[in-house]
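Just so you know, these numbers use all the heavy atoms, side chains as well, and skip hydrogens, waters and symmetry mates. Numbers here are sequence positions counted from 1.
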Amino acid sequence: MIMKGLLIVSGILAGAFAASQVYSVVSSNRTERQPYEVIRKEKDFEIRHYPSATMAKITSTASSYKELGNAGFRKLAGYIFGGNAANTQIAMTSPVHMDIDSASSTMSFVMPAQYNVANLPKPDNAEVSIETVAEEYVAAITFSGFASDADIKKYSERLAQALQKANISYDSNFRFLGYNPPFQLVDRTNEIIVRVEWTA
């Protein structure tokens, strides 16, 4: 009887876990995404045009993906979950932008399309700033799973090699884009982007 009870409980827990992961995937797919236009598609990467966007950003001395992700996410999530002058809840979007550097790193949330610098409420946390980023052309490479500093380095190098082979000029600042909440275990999407010289 005890064994049977344990099997039933295990089955219920497994079902609940599977349901939570399905919900995470569906919710992630429904989240508003930063718009862009694919300009050119290659085997290992694509060139995109991103229009100007409004971002909530924090700057940090963190020099690793994990360190920046933990501290930065809490501060930015605090802002959109009501930590602002209007106590307004702002919808989460994707991707989360991370620019990781040994000297100074940043993490940014893209604001929903209906917001701009003028109509967003002031953050309660002085470490959170609101800014408009200029349009840009970037090269992007995609990978799956849970990201790590090793993955970011690996795919940055892979993208650099692909761009060199294609004779496309790029700057040295590779950035990470994360598309999924930390509790989503399946169907995860990550990207590395870098600004490129491109004529419209």
Just so I know, are the side chains of [X] and [Y] near enough to count as touching, which here means a heavy-atom distance under 4.5 Å?
X      : Y      : result
Val96  : Leu76  : no
Ile168 : Arg40  : yes
Ile192 : Phe176 : yes
Val138 : Arg175 : yes
Thr199 : Tyr137 : no
Asn173 : Arg195 : no
Val128 : Lys57  : no
Phe143 : Lys154 : no

To the nearest 0.5 Å, how far apart are [atom1] in [X] and [atom2] in [Y]?
X      : Y      : atom1 : atom2 : result
Lys153 : Arg158 : NZ    : CZ    : 12.5 Å
Ile39  : Arg48  : CD1   : CZ    : 11.0 Å
Ile58  : Ser108 : CD1   : OG    : 8.0 Å
Asn70  : Met107 : CG    : CE    : 9.0 Å
Ile100 : Thr106 : CD1   : OG1   : 9.0 Å
Ile80  : Gln89  : CD1   : CD    : 8.5 Å

- Query: Could you go step by step and tell me if Thr54 and Val117 meet the side chain to side chain contact (heavy atoms under 4.5 Å, CB included) rule?
  - Reply: CA-CA 7 Å; Thr54 303; Val117 172; 4.3 Å; yes

Is the side chain of [X] donor-acceptor paired with the backbone N or O of [Y] at a distance under 3.5 Å, no angle test?
X      : Y      : answer
Asp44  : Gln161 : no
Tyr170 : Gln164 : no
Ser52  : Ala134 : no
Thr93  : Val110 : yes
Asn190 : Gly178 : no
Asp99  : Ser105 : no
Ser60  : Leu68  : no

Are [X] and [Y] connected in the hydrophobic side-chain network, where two residues link if heavy atoms are under 4.5 Å apart?
X      : Y      : result
Tyr179 : Met98  : no
Val194 : Ile47  : yes
Met55  : Leu120 : no
Leu163 : Tyr36  : no
Leu177 : Val133 : no

- Listed partners of Phe109 passing ring-ring contact (aromatic ring centres under 6.0 Å, His included), at least two apart: Phe73

- Message: Taking ring-ring contact (aromatic ring centres under 6.0 Å, His included) as the definition, give me every residue that meets it alongside Tyr115, ordered by chain and number, with sequence neighbours left out.
- Response: none

Quick check: closest heavy atoms across [X] and [Y], and the distance to 0.1 Å?
X      : Y      : answer
Tyr65  : Asp149 : N-OD1, 2.7 Å
Gln114 : Asn119 : O-ND2, 3.1 Å
Asn180 : Arg188 : OD1-CA, 3.1 Å
Phe45  : Ala162 : CD2-CB, 3.7 Å
Ala91  : Pro112 : O-CG, 3.5 Å
Tyr79  : Pro121 : OH-O, 2.7 Å

- Query: Side-chain donor-acceptor pair under 3.5 Å between Tyr155 and Glu191, yes or no?
  - Reply: no

- Are Asp151 and Ser148 close enough that a side-chain donor and a side-chain acceptor fall under 3.5 Å? yes

- Query: Listed by chain and number, what are the salt bridge (charged side-chain N to carboxylate O under 4.0 Å, His left out) partners of Lys41, not counting sequence neighbours?
  - Reply: Glu46

